[in-house]
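Along the sequence shown, the residues carry numbers beginning at 1. From a predicted model like this one, the values you see are computed outputs, not experimental measurements. One-based numbering, in listed order, for ligands and for the atoms of each.
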Amino acid sequence: MDAIHWLEPISMTNIRSTIPDFPLTIRGIFEHGERIHAASEVATYAGDHMRRASYAQVGERVRRLAAALGKLGIGPGDRVGTFAWNNQEHLEAYFAVPSMGAVLHCINIRLFPEQLIYIVNHAADRLLIVDASLTPLLAKIAGQLTTVERYIVIGEGCGLPRETLRYEDVIASSEPVSAWPDVAENAAAAMCYTSGTTGNPKGVVYSHRSTWLHAAASSMANSIGMTEDDKILPIVPMFHANAWGLPYSGWMCGADFLMPDRYLQAERIARMIASERPTISGAVPTIWNDVLRYVDANGVDISSLRCVVCGGAAVPRSMQEGFLNRHGVRVIQGWGMTETSPLAAVSRPPRGTPKDQEIDWLNKSGRVVAGVELRLMSGEQELAWDGESVGEIEVRGPWVTASYYLEDCPEKFHDGWLRTGDVGVVDAKGFIQITDRAKDVIKSGGEWISSMELENHLIAHPDVLEAVVIGVPDERWDERPLACVVMKPGASATLEQLRDFLAGRVARWWLPERWAFIAEVPKTSVGKLDKKVLRARYAKGEIGEVKVEKPG
Ligand code: ADP
């Protein structure tokens, strides 16, 4: 039989849907939680006690904030930046700003000053909501923020030029709005900038619709899975890809929130988990690694956690095993990026997996969340999902960006698909295994070595605290791996022993012959291994490299 070819897209037929295009908006998420889950709680850690408020109380303050912003002249499409930790006030801005038709821009407080200046001016933020503890940081650059007209400061603090209002005064002096403007679902709701590992950070603008769909998809049981019985501890900052959407998905489900504010040290987090008993939490691997070491050493009870979401960088298997075997906590892996809102894939063991094999699946990067489409590419050729063919992952979908804000970047897009820059394989069940970032993969003699896999094995060694592997120039092979390790205090393993430890685990030609002990691993503004900095240090001759020959 001949194959059928549909040439035209099908939009209008002789029958029309009886369901209107009812807009999916952040106001919709907000009002649902406010009304249906009025008694759910938002608790913020204040260093020595918890500040607690019900959804109903937070809801009223959201309405007051929106009214105040309106009185201050903030209108549809205006950008309102936040420079804040994860706390109740930040959550209030998350709902007030988009619901009134303005655009929330969460600013990464850890960017370099010149990047901060760049993104605030590029986004043209008119007003910034700032945590008092962060005003000294902002004061240094405030003179160069050309579009900012005024600041609202949460807590006691000042020292900013231009008009500065106090958050609590602003809330107290406004009546709660009772009606919201009609906002189209495709209107801009929020924006985030990538952390800009090369060149300037790039802006991604989320719509109400993309945010709504991302919240619904990420709360599904097949992805993070949450209900009103949960208590969510978002450790991932609200300025890092909108805390992976947890503020919206959690509120949509009516879960309680436990906000860590600026108390992000492993000990504080572990103690917070033990006393407040959250069920879901999310953070990058470096944070979980620190928490695991702390709870291992101090016997803290973290068993309330039903689901730890870890992502933003490769998740070491040894860490997942540590959480599961020693604390009964399941660490699932999420994969995505600022450009994908960010959740694109989640690792959950497929049905029928025997308990003792779950870890094999949890350690994969994940399966795409329903809505996201994926293809594996090598140039123009689409590769098979056979678990072996290695290519670049491309995605598209209702919460995947198709461009950057006011910046042309054709090399990042491919016929409507986002080039993720992540290299990996996809197996027949649809599980992705990222093996490297395209720019980190080590090209040795025409073959690829996964720096991520070498790091994953190295960190499993009991004496290794952190490990990072970069490709360095080599006359014969073009590039070879340089393994840089930070040892645990009092550790005694030699580099030869580390090499031997790797020897049974990776192909012989992958074994690094260049090694270095380093004092600490440089981190990016969102806590990931910063290979760019390490490469630059290597190029300047600042890393004392030691040759360790392969075993005979
Ligand atoms: P930035 O690009 O600014 O560092 P993102 O948080 O958007 O910030 O980073 C996205 C990148 O993080 C992805 O392209 C990928 O390389 C990496 N990443 C995210 N999740 C995972 C994961 N589970 N495993 C490996 N890498 C990951």
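Distances below 4.0 Å separate heavy atoms of Lys528 from the following atoms of ligand 1: 4 (O), 5 (P), 6 (O), 8 (O), 9 (O), 10 (C), 11 (C), 12 (O). Residue contact check: Met452 has heavy atoms under 4.0 Å from atoms 25 (C), 26 (N) of ligand 1. Each of the atoms 24 (N), 25 (C), 26 (N) of ligand 1 lies under 4.0 Å from some heavy atom of Ala314. Taking a cut-off of under 4.0 Å to the non-hydrogen atoms of Arg437, the atoms of ligand 1 that pass are 1 (P), 2 (O), 4 (O), 9 (O), 10 (C), 11 (C), 12 (O), 13 (C), 14 (O), 15 (C), 16 (O). Less than 4.0 angstrom separates some heavy atom of Gln333 from each of these atoms of ligand 1: 22 (C), 23 (N), 24 (N).
Under the 3.5 Å distance criterion, the side-chain polar atoms of Glu479 are matched with a main-chain donor or acceptor of Lys443.
Within the 4.0 Å heavy-atom cutoff, Ala241 does not count among the residues contacting ligand 1. Close to ligand 1: Gly312, with a non-hydrogen atom less than 4.0 angstrom away. A heavy-atom separation below 4.0 Å is found between Asp422 and ligand 1.
Considering only residues two or more places apart in sequence or on other chains, Glu373 meets the salt bridge (Lys or Arg N to Asp or Glu O under 4.0 Å) condition with Arg396. Every residue two or more places apart in sequence or in another chain that forms a side-chain hydrogen bond (donor to acceptor under 3.5 Å, both in side chains) with Asn121 is listed here: Thr146.
The closest side-chain donor-acceptor pair between Thr524 and Asp530, if any, does not fall under 3.5 angstrom. Looking only at atom types and distance, the side chain of Trp448 has no donor-acceptor partner in the side chain of Thr435 under 3.5 Å away. Side chains of Asn289 and Thr286: no donor on one and acceptor on the other come within 3.5 Å. Side-chain polar atoms of His214 and Tyr206 form no donor-acceptor pair below 3.5 angstrom.
Residue-level proximity to ligand 1 for Thr338 is carried by backbone and side chain together, each with a heavy atom below 4.0 angstrom. Residue contacts with ligand 1, taken as heavy atom pairs separated by less than 4.0 Å, involve Met337 via backbone and side-chain atoms alike.
With atom 22 (C) of ligand 1 as the reference point, the heavy atom nearest to it among Cys192, Ala345, Ala313 is part of Ala313. Summarising the contacts of atom 6 (O) of ligand 1 with Gln433, Lys364, His240, the nearest heavy atom is found in His240.
Between Tyr193 and His122, a ring centre-to-centre spacing shorter than 6.0 Å is recorded.
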Checking ring-ring contact (aromatic ring centres under 6.0 Å, His included) for the pair Phe239/Phe83: CA distance, chi angles, key distance, verdict?
CA-CA 8 Å; Phe239 56 73; Phe83 201 71; 8.3 Å; no
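Considering backbone and side-chain atoms together, Gly334 places an N or O closer than 3.5 Å to an N or O of ligand 1.
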